[in-house]
Amino acid sequence: MKTEKLTILPPGRPLSGRVSPPGSKSITNRALLLAGLAKGTSRLTGALKSDDTRYMAEALRAMGVSVDEPDATTFVVTSSGELTAPAAPLFLGNAGTATRFLTAALALGHGRYVVDGDEHMRKRPIKPLVEALQSLGVTIEAPTGCPPVTIDATGAFKSNRVVIDAGLSSQYVSALQMAAACGSEPFTIELAGADIGARGYIDLTLAAMRAFGAKVSQPTAASWQIEPTGYTATDFHIEPDASAATYLWGAEVLTGGSIDIGTPSDQFTQPDAKAHDVIAAFPHMPAVIDGSQMQDAIPTIAVLAAFNETPVRFVGIANLRVKECDRIRALSTGLNNIRPGLAVEEGDDLIVHSDPSLAGQSLAAEIDSFADHRIAMSFALAGLMIHDITILDPGCVAKTYPGYWDALASLGVRFSQG
Ligand SMILES: O=C(O)C1=C[C@@H](OP(=O)(O)O)[C@@H](O)[C@H](O)C1
Ligand SMILES: C=C(OP(=O)(O)O)C(=O)O
């Protein structure tokens with residue numbers, strides 16, 4: 001989408017129809033990496049094709065892996081099992097998964113790898129992962145604590161145990177888990193802090209690893225033991241993206257429609273599927289919502305909260321400040337732009353002062369997406385109910401859901417471009 005702004009015309013009727021969300025970003029980028037680390041050919045079906053997965057696929061190609069794309073939802077990955085040192089830095093845009101997962105995996109490669117991203121990724125922390133890898137004897141540096149990361153790998157870790165603080169990102173743990181199966185000894189990963197934000201993403205990692213032949217056990221709630229099995233090439237089907245589904249669930253309850261997304265909410269294995277029950281409770285969503293286990297769904301729910309019968313306080317969302325943008329700030333800015341006083345930040349909590357009478361009003365507001373796909377996609381929901389909501393940089397949805405605007409259009413939503 002080349003246009004700089006998109007104004008949404010409220011449909012004025014319930015939105016109904018069939019729309020399937022694209023494949024899961026989280027699972028696609030795990031599967032691409034694991035297929036790249038496995039010797040042989042793996043066929044990944046139901047995959048997401050978007051900026052984030054394209055960066056992962058391109059990085060694998062730059063390291064000697066063949067990644068074919070026979071159709072819009074399939075990757076066929078053929079690898080020797082080795083990721084050979086690339087001639088140039090790997091550019092991973094703002095793909096947190098690709099950046100963190102590759103950083104750990106390449107620490108077991110051979111030679112020099114530079115992992116870099118765009119100006120947003122260069123502000124997203126990776127220091128805890130870099131320090132964990134340094135503790136394993138890897139020569140690795142990220143002078144700013146964020147990408148670029150330079151790794152001089154020798155093919156082995158010097159220890160078989162690592163402690164990682166996952167307070168800022170669960171992706172550090174997933175990254176170490178996926179890398180560890182390529183080591184030469186059983187490897188133990190222990191959490192430094194009491195707990196981890198988004199535990200559901202660890203379950204996704206372990207499920208993908210096991211599908212590619214890994215053996216993982218969990219001696220305690222905060223540790224994992226990974227056997228040095230390496231990975232076996234396999235055919236792997238990827239379920240639809242639960243975070244993408246939240247926008248469709250949101251559009252359904254806001255407009256009182258019926259949108260068939262093709263997958264029952266209880267069949268998703270991704271953490272954001274937990275958002276379904278909260279969204280289904282609209283306009284009686286709870287007074288306090290803990291976002292820690294469904295982080296990427298919080299922008300969706302926060303925009304819905306503006307139309308809820310009663311105010312909502314979002315807790316457990318501190319690390320939304322280190323996602324593609326500071327999402328707590330982006331949400332409060334956008335909501336207050338629609339109607340001053342609609343949202344308040346209290347420390348790292350976000351309070352949305354609900355106002356069901358917003359629906360049907362004309363409240364001209366230009367919403368800054370802060371280059372963040374989830375901010376653009378969530379505020380589009382406000383545009384279904386309020387006249388004159390304009391989303392700036394609508395093309396940023398390409399990070400995880402390039403077909404988002406077409407999906408809304410297929411349900412009958414109309415736009416004017418600026
Ligand atoms: O492991 C994953 O696939 C993800 C983990 C979460 O990030 P953090 O662990 O950085 O919170 C989530 O926000 C991201 O979109 C995907
Ligand atoms: C936080 C996100 O992405 P990532 O960390 O994978 O860049 C997201 O998709 O909401």
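Fair warning: this is a prediction, and the values are worked out from it, not measured in the lab. Every number for a ligand or one of its atoms is a count from 1 in the order of the listing.
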Within ligand 1, which atoms have a heavy atom of [X] less than 4.0 Å away?
X	answer
Thr97	2 (C), 3 (O)
Asp296	12 (C), 13 (O), 14 (C), 15 (O)
Lys25	14 (C), 15 (O), 16 (C)

Item to complete: Just do the salt bridge (Lys or Arg N to Asp or Glu O under 4.0 Å) check on Glu69 and Arg61 with the steps written out, would you?
Response: CA-CA 12 Å; Glu69 303 191 40; Arg61 288 180 181 121; 2.9 Å; yes

Discussion item. Test salt bridge (Lys or Arg N to Asp or Glu O under 4.0 Å) on Arg327 and Asp372; report intermediate values, then the result.
Written reply: CA-CA 8 Å; Arg327 286 185 175 157; Asp372 186 334; 2.7 Å; yes

Could you list the donor-acceptor pairs under 3.5 angstrom formed between side-chain atoms of residues 279-287 and any protein atom two or more places apart in sequence or on another chain?
none

In ligand 2, which numbered atoms sit nearer than 4.0 Å to a non-hydrogen atom of [X]?
X	result
Asn94	7 (O)
Lys323	1 (C)
His373	8 (C), 9 (O), 10 (O)
Gly96	4 (P), 5 (O), 6 (O), 7 (O)
Lys399	3 (O), 4 (P), 7 (O)

Worksheet item: Once the angle between the rings of Phe157 and Phe187 is folded into 0 to 90°, is it parallel (under 30°), tilted (30 to 60°) or perpendicular (over 60°)?
Response: tilted

Practice prompt. Quick one: sort the His276 and Trp249 rings into parallel, tilted or perpendicular, breaks at 30° and 60°.
Written response: perpendicular

Worksheet item: Who pairs with His120 by ring-ring contact (aromatic ring centres under 6.0 Å, His included), at least two apart in sequence or on another chain?
Response: none

Worksheet item: Taking distance alone, with no angle check, do Ala95 and ligand 2 share an N/O pair under 3.5 Å?
Response: no

Worksheet entry | Contact check: Arg100 vs ligand 2, nitrogen or oxygen atoms, below 3.5 angstrom | no

Sub-4.0 Å heavy-atom contact, [X] with ligand 2:
X	result
Gln171	yes
Arg327	yes
Arg124	yes

Could you tell me the residue and atom name of the protein heavy atom closest to [atom], and the distance to it rounded to 0.1 Å?
atom	result
atom 10 (O) of ligand 2	Arg374 NE, 2.6 Å
atom 6 (O) of ligand 2	Lys25 NZ, 2.8 Å
atom 6 (C) of ligand 1	Tyr201 CE1, 3.6 Å
atom 8 (C) of ligand 2	Glu324 OE2, 3.1 Å

Worksheet item: Considering only heavy atoms, does Thr97 approach ligand 2 within less than 4.0 Å through its side chain, its backbone, both, or neither?
Response: both

Strictly below 4.0 Å, N to O, side chains only: are [X] and [Y] in salt-bridge contact?
X	Y	result
Lys25	Asp241	no
Lys5	Asp393	no
Glu185	Lys158	no

Worksheet item: Do you see a donor-acceptor pair shorter than 3.5 Å between the side chains of Glu239 and Thr269?
Response: yes

Discussion item. What I want to check is whether the side chains of Ser66 and Thr78 have a donor and an acceptor closer together than 3.5 Å.
Written reply: no

Discussion item. Under 4.0 Å, heavy-atom basis, I'd like to know which part of Gln295 is in contact with ligand 1: side chain, backbone, both or neither.
Written reply: side chain

